[in-house]
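Proteins get letters first, then strands, A, B, ... in listed order; numbering begins at 1 in each.
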Number of protein chains: 2
Amino acid sequence: MRLSKKGEYAVRALVEIGFEAHLRPNSLIQISTVAQRTNIPEKFLEQILLALRNGGVLKSKRGVEGGYSLAKDADEVTLGEVIRLLDGPLAPIPCVSKTSYEPCSCPDQESCGLHIAMKQVRDAIAGILDSYTLSRLIGEVQKHRTSKTTEWQFDI
Amino acid sequence: MRLSKKGEYAVRALVEIGFEAHLRPNSLIQISTVAQRTNIPEKFLEQILLALRNGGVLKSKRGVEGGYSLAKDADEVTLGEVIRLLDGPLAPIPCVSKTSYEPCSCPDQESCGLHIAMKQVRDAIAGILDSYTLSRLIGEVQKHRTSKTTEWQFDI
DNA sequence: TGCATTCTTGATAATATTGATAGACAATAC
DNA sequence: GTATTGTCTATCAATATTATCAAGAATGCA
């Protein structure tokens with residue numbers, strides 16, 4: 001029942017990118033900067049940001065002064081969307097997935113107890129993650145950061 | 001965010017064992033029988049049942065007429081307990097796990113957006129699975145089975 | 001133009017996890 | 001004492017995960 005590092009890094013990087021956009025609208029942020037601030041291996045982060053770009057969450061610009069920025073407003077990006085992009089379906093087992101259903105090996109799905117229970121789990125997870133927007137996340141982070149350390153604000 | 005085959009098989013096997021106990025109290029059921037009824041590879045199932053036994057969910061008896069049965073009442077076994085035994089913590093990331101916490105690599109956990117969100121996911125998953133008893137599951141399965149096919153009852 | 005910068009792409013390596021199999025061993029009932 | 005059934009340990013193949021490398025392509029600027 002684990003989120004992969006990819007999914008974890010994706011969310012943390014997005015928060016950083018979204019936070020930057022919040023501080024300096026229309027600015028771009030480089031992979032290397034995000035990697036430094038988040039402790040994510042740079043080359044690995046590269047792949048992740050690319051996936052987010054291809055998934056329509058980020059947009060990018062190459063060359064000097066290039067970098068990444070959000071492709072849409074932060075309140076149109078959900079955690080569910082991000083995690084699905086990097087980690088695939090949210091459902092604990094494929095036979096309860098809405099977005100990518102696959103039958104399981106049990107003799108009869110209708111009477112399969114696991115199926116019945118996991119449908120509820122799936123709905124709970126999707127309910128939380130699909131309604132959790134990046135902007136909400138950034139808001140929470142901001143609250144913590146600004147209340148805790150002031151010098152941080154100048155550190156950027 | 002996936003449940004492993006081990007976890008999946010464990011639940012399905014337990015339902016089968018519990019169902020048997022419900023039909024014939026004090027009876028034992030053999031690995032091979034469970035394997036046949038559930039389509040689970042027998043030798044793999046062996047390991048799983050062993051883990052459940054060592055975890056206190058099942059008890060066993062060797063030799064002729066031996067087999068497995070529940071070690072406690074079906075309404076004292078929860079899905080959360082079973083899945084933790086086979087798959088480890090329910091938490092999507094270790095830094096929000098209550099049963100086996102581990103710090104993550106993010107610069108500051110308190111202000112980590114992922115942390116904040118995943119705590120909610122963890123609570124939702126645990127809330128469902130830790131209150132979902134085996135007896136409830138068996139009840140659901142029984143409803144489906146008896147309402148759907150009658151011949152099945154004699155098939156055992 | 002040429003050059004530095006930055007993202008893009010594909011390949012590859014290292015490691016961990018998963019799913020599964022094999023075989024020797026121990027207990028039980030008859 | 002023998003057939004049956006669970007116990008335990010080792011091992012394996014396949015796959016997924018995590019991460020790195022290197023060559024390439026776009027961009028801006030001198």
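Running 5' to 3' along DNA chain D, contacts with non-hydrogen atoms of chain A at under 4.0 Å begin and end at D:dT18 to D:dG28.
Test A:Val34, A:Asn39, A:Thr33 against A:Arg37 for side chain to side chain contact (heavy atoms under 4.5 Å, CB included) and you get one pass: A:Thr33. For the side chain to side chain contact (heavy atoms under 4.5 Å, CB included) with B:Val11, the qualifying choice from B:Ile48, B:Leu86, B:Leu134, B:Val82 is B:Val82, the only one to do so.
Between A:Leu3 and B:Val121 the shortest side-chain heavy-atom distance does not fall below 4.5 Å.
In this structure, A:Ile40 CD1 and A:Arg12 CZ are separated by 5.0 Å, a value rounded to the nearest 0.5 Å.
Salt bridge present: A:Lys43 and A:Glu46 bring a charged side-chain N and a carboxylate O closer than 4.0 Å. Under a 4.0 Å N-O distance rule, the pair A:Arg24/A:Glu20 qualifies as a salt bridge.
Considering only side-chain N and O atoms, A:Arg53 lies under 4.0 angstrom from the phosphate OP1 or OP2 of C:dT8.
One can place CG of A:Leu28 at 11 Å from P of C:dT6, the figure rounded to the nearest angstrom. The nearest whole Å value for the distance from the CZ atom in A:Arg62 to the C1' atom in C:dT6 is 9 Å.
Nucleic acid contact class of B:Leu49 (heavy atoms, under 4.0 Å, all strands): none.
A:Tyr132 and A:Glu81 share no donor-acceptor pair across their side chains, judged by distance under 3.5 Å alone.
Proximity of a side-chain donor or acceptor of A:Asp87 to a complementary backbone N or O of A:Ser4 within less than 3.5 Å is detected.
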Please encode protein proximity along nucleotides 15-23 of chain C as a string of B, S and -, counting only heavy-atom distances under 4.0 Å. ----BBBBB
